> 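This is the structure, below, for whatever I ask next.
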There are 2 protein chains.
Amino acid sequence: MEKKNNLSTPLQPYESQIMNSVDIIIDINNKDIMLVKRKKDPYAGLWALPGGKQEAFESLQNAVISVIRQRLNLDAYCDFSVFPNKIIFNDLGKEAELHQIRTYDSGTDPRGGNTTVFAVQLLIDKAKFLKAVKPGLNVDEIRIVNKSELPRMAFDHARFVEDYYKYLKPYRDNPKTFDAEKFEKPGVSVDIIIFTVRNNELKVLLIKRKSWPFKGMWAIPGGFVGIKEPLEEAAKRELEEETGVKNVYLEQLYTFGEPDRDPRTRVITVAYYALISSDHLKLQATTDAAEANWFSIDKLPKLAFDHNKILASALERIRNKVEYSNIAFQLLPEKFTLTELQKVYEVILGKKLDKRNFRKRVKEAITIVPLKETKMEGVHRPAQLFSFKEKGGTILKPAKKI
Amino acid sequence: MEKKNNLSTPLQPYESQIMNSVDIIIDINNKDIMLVKRKKDPYAGLWALPGGKQEAFESLQNAVISVIRQRLNLDAYCDFSVFPNKIIFNDLGKEAELHQIRTYDSGTDPRGGNTTVFAVQLLIDKAKFLKAVKPGLNVDEIRIVNKSELPRMAFDHARFVEDYYKYLKPYRDNPKTFDAEKFEKPGVSVDIIIFTVRNNELKVLLIKRKSWPFKGMWAIPGGFVGIKEPLEEAAKRELEEETGVKNVYLEQLYTFGEPDRDPRTRVITVAYYALISSDHLKLQATTDAAEANWFSIDKLPKLAFDHNKILASALERIRNKVEYSNIAFQLLPEKFTLTELQKVYEVILGKKLDKRNFRKRVKEAITIVPLKETKMEGVHRPAQLFSFKEKGGTILKPAKKI
DNA sequence: TCAAAAGTGTTACCCTTACACCCATGG
DNA sequence: CCATGGGTGTAAGGGTAACACTTTTGA
């Protein structure tokens, strides 16, 4: 980076009032943490890590020392040129390890600036330490709490502490103390195969990948599952993001988890498929350069990842399911003609059906009702419109049994 | 080291004109480093790490991306919310690891401000990389040098690199790096519902939980998926651990991922079901105090987690599937009588079947062949033994169609 | 000779499938 | 009046389901 050390250079015009700060995790016996209760806003009355501003000419380490002196009234002392990682507490007759942990940027703070978290690792009797510290500047109270029983904390301090114990501390510690139960986890995503029927073709929505891997290739839309998000919620969210449609038929298909299916990292994907009627669609047919497009299932491009396999699996499922359930109705608008319904079945099954047999079967099933309206389209007799009476049920008899 | 914060220069009129910055160690194959030759003062003509200012509202990571784009003309891309420590280089078709190394304060800069050093760890052919980069803003030339043959460098960059290799990199080399785990991921497990038929009952294997949560309750056997382990492998591994049986029929059932289904943490479980013949069983009926036991599916206890739901789902699946596939054969020994086969169907479907119809249907299907042996059991006529001719196929006609 | 399970065919009926002609409309 | 798709019924055939008696064995 460019650091101007030419001091005669005129100063920059005032741009922003960035403030950097330090926060200190005072780690006592690798078990407890010292917290201070804030006297002033923001977060007055809440517990926090001791911390403070780094002055313009101050090093980070000196900022740490200042905080310890001001907030805790402890006579901390150091000689960083000799022992860069030691802090000596004169009142306690002890020395502590000082480690820089990580720098966080203040995502939402309009003042910008970064916060660097330090850890002061101290081995000492808890009571003795509590006796030595006295609440200082803007500190109401001082407390030592167990690391697994943290109170609600100001700013992102809970996260800082969590990161420290979870990821960063073990490296600083003896490597052998690394938490063995913290094993590596795969990522979990959902992919949604979105089917619709248009122009007498079964179509599926694909999106063009914008980045490596498989940049420029078409892929099934999907995304990662939030840590507290139910799988189906995640699928619905992705579906709505892509199509703007809510309340559609959505069903889990299969979970694909080959270790190398994503070259970035291990990603297990739970595939869902959705059926939406083309009249609900926001995204209509688009140009070839578009980022998302509908593809006829018999004119599919080569897809990214194992998406061809996933899509084939979805196709098989929908073809099976259409024969013994009423999912085909999901692909139709609210009012539809029997010919339209038949077309949906034909398109999904990929073969012609007999008109009279089809109508007989459909009418035997009580799930649809004729409306008083008809639909005029083209130069021929108008068609009777129908709608669904119920969502559940099947328009077919139960499967045969052994 | 000690940094003097009482500089001889007079204080600036503004309280702070702090500028934070990032510097990037582009670590190629853990051997070489990419350097840029500075076009402008200070240090014009000297080699340096690529770096630049962190804007007031910019995160540190985004500052890194900006530098790579501006100085090296590389199409770097990232999605920190998903892969917090990955950078994707579209031009290279490669991804790199991004790690925060350390924050240095600028001892000599009157404006204060800190420099955070990042490492971009990239595995790529040197020549290919050199071909892709082009000197950008304020960069005269780009070079890749061996880490042990560094030229004289601007600012404190030589020290940054030294610290990186000497102290900081080893921690980051640990595969369980901080950033990789920053994005919280759910755990992924497999559960296996193991069915068998014995004593004319459909039974399922359950294990008694030895620890919190649900200590002492019965649960479906399962375990976590290894980071490089295919899902089905994991299921097979668990299955073999519990039963000692290999090469059994195993099928994925459904993936359960409610956020609160495991009180410990978010765990998404991919459920499988297995059908094994009771003659293969190592684990025979055991006492009530045992850690694993077979339970008749109509005498199930209340299970841990959402395992009752999972089991119900498996039962539904097996009942459906038995009607249009030959999975029932998986529950029988190699040689079996037709009555035994019929019992399996009856037990799974939970109802009596007609003997003559059943046999007619089975014999129409070509998947079984009569043996020359018979089976004598009890005081009655001996029964003809059969075996499977093929594993695939169905003993039933295809399902009816619309 | 008796109990217990193995083994064997036929029929009625329902569901599936194949098939052809008239109707309503706009141009 | 004609092209176009909407709308309707029947009959043959195949699969399903209901049903009862003989055979073989050991006690």
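Just so we're clear, the structure is a prediction, and the values are computed from it rather than from any experiment. Here is how names work: the chains are called A, B, and so on, in the same order as the sequence lines, proteins then strands, and each is numbered from 1.
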> CZ of A:Phe358 versus C1' of D:dG5: gap in Å, rounded?
16 Å

> Heavy atoms only, 4.0 Å cut-off, all strands: where does A:Glu377 land among base, sugar-phosphate and nothing?
nothing

> A:His380 side chain: which of D:dG6, D:dA17, D:dT8 is closest?
D:dG6

> Does A:Lys363 put a side-chain nitrogen or oxygen below 4.0 Å from OP1 or OP2 of D:dT8?
yes

> Mind calculating the distance between CG (B:Leu341) and P (C:dA5) to the nearest angstrom?
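Atom CG in B:Leu341 sits about 18 Å away from atom P in C:dA5.
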
> From the list D:dT25, C:dC19, C:dA6, which nucleotide is the closest neighbour of the side chain of A:Asp354?
C:dC19

> Would a 4.5 Å heavy-atom cut-off, applied to side chains only, mark B:Ser296 and B:Leu202 as touching?
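No, their side chains stay 4.5 Å or more apart.
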
> Parallel, tilted or perpendicular: which one describes the rings of A:Tyr345 and A:Phe358, with boundaries at 30° and 60°?
perpendicular

> Answer whether the closest heavy-atom distance between the side chains of B:Tyr272 and B:Leu231 falls below 4.5 Å.
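Yes, their side chains come closer than 4.5 Å.
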
> Could you state the CG-P distance from A:Asn357 to D:dG7, rounded to the nearest angstrom?
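Those two atoms, CG and P, are 16 Å apart.
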
> Please confirm whether any donor atom in the side chain of B:Lys355 sits under 3.5 Å from an acceptor in the base of C:dG7, or the reverse.
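Indeed, a donor on one side and an acceptor on the other fall under 3.5 Å apart.
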
> Distance criterion of 3.5 Å, no angle test: do you see the side chain of A:Arg356 paired donor-to-acceptor with the base of C:dA18?
no

> Say whether B:Ser277 and B:Arg198, considering side chains only, have a donor N or O and an acceptor N or O under 3.5 Å apart.
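Side-chain D/A pair, B:Ser277 to B:Arg198: absent.
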
> Calculate the interatomic distance between B:Glu340 atom CD and C:dG7 atom P; express it in whole Å.
11 Å

> Would you mind reading off the distance between A:Arg359 atom CZ and C:dT16 atom P, rounded to a whole angstrom?
19 Å

> Side chain of A:Val379: nearest nucleotide among C:dG27, D:dC19, D:dG7?
C:dG27

> Would you mind reading off the distance between B:Lys343 atom NZ and C:dA4 atom P, rounded to a whole angstrom?
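Rounded to the whole Å, the gap is 14 Å.
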
> Can you measure B:Gln384 atom CD to D:dT24 atom C1' for me and round it to whole angstrom units?
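In whole Å, D:dT24 C1' and B:Gln384 CD are 13 Å from each other.
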
> Should B:Arg361 be listed as having a side-chain N or O under 4.0 Å from OP1 or OP2 of D:dA17?
yes

> Using 4.0 Å as the upper bound for N to carboxylate O, is an ion pair formed by B:Glu240 and B:Lys236?
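Judged by the 4.0 Å cut-off on N to carboxylate O distance, B:Lys236 and B:Glu240 do not form a salt bridge.
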
> Looking at D:dT24, C:dT25, D:dG6, which one has an atom nearest to any side-chain atom of A:Pro382?
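From the listed options, C:dT25 comes nearest.
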
> Within the pair A:Thr339 and D:dG5, is there a side-chain N or O less than 4.0 Å away from OP1 or OP2?
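So the side chain of A:Thr339 is outside the cut-off, no N or O lying under 4.0 Å from OP1 or OP2 of D:dG5.
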
> Can you tell which of C:dT25, C:dA18, C:dA6 lies closest to the side chain of A:Lys360?
C:dA18

> With respect to the side chain of A:Arg381, which nucleotide from D:dC19, C:dT25, C:dA24 is positioned closest?
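Nucleotide nearest to A:Arg381's side chain: C:dA24.
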
> Check the distance between C:dA24's C1' and A:Leu385's CG and give it to me in whole angstrom.
15 Å

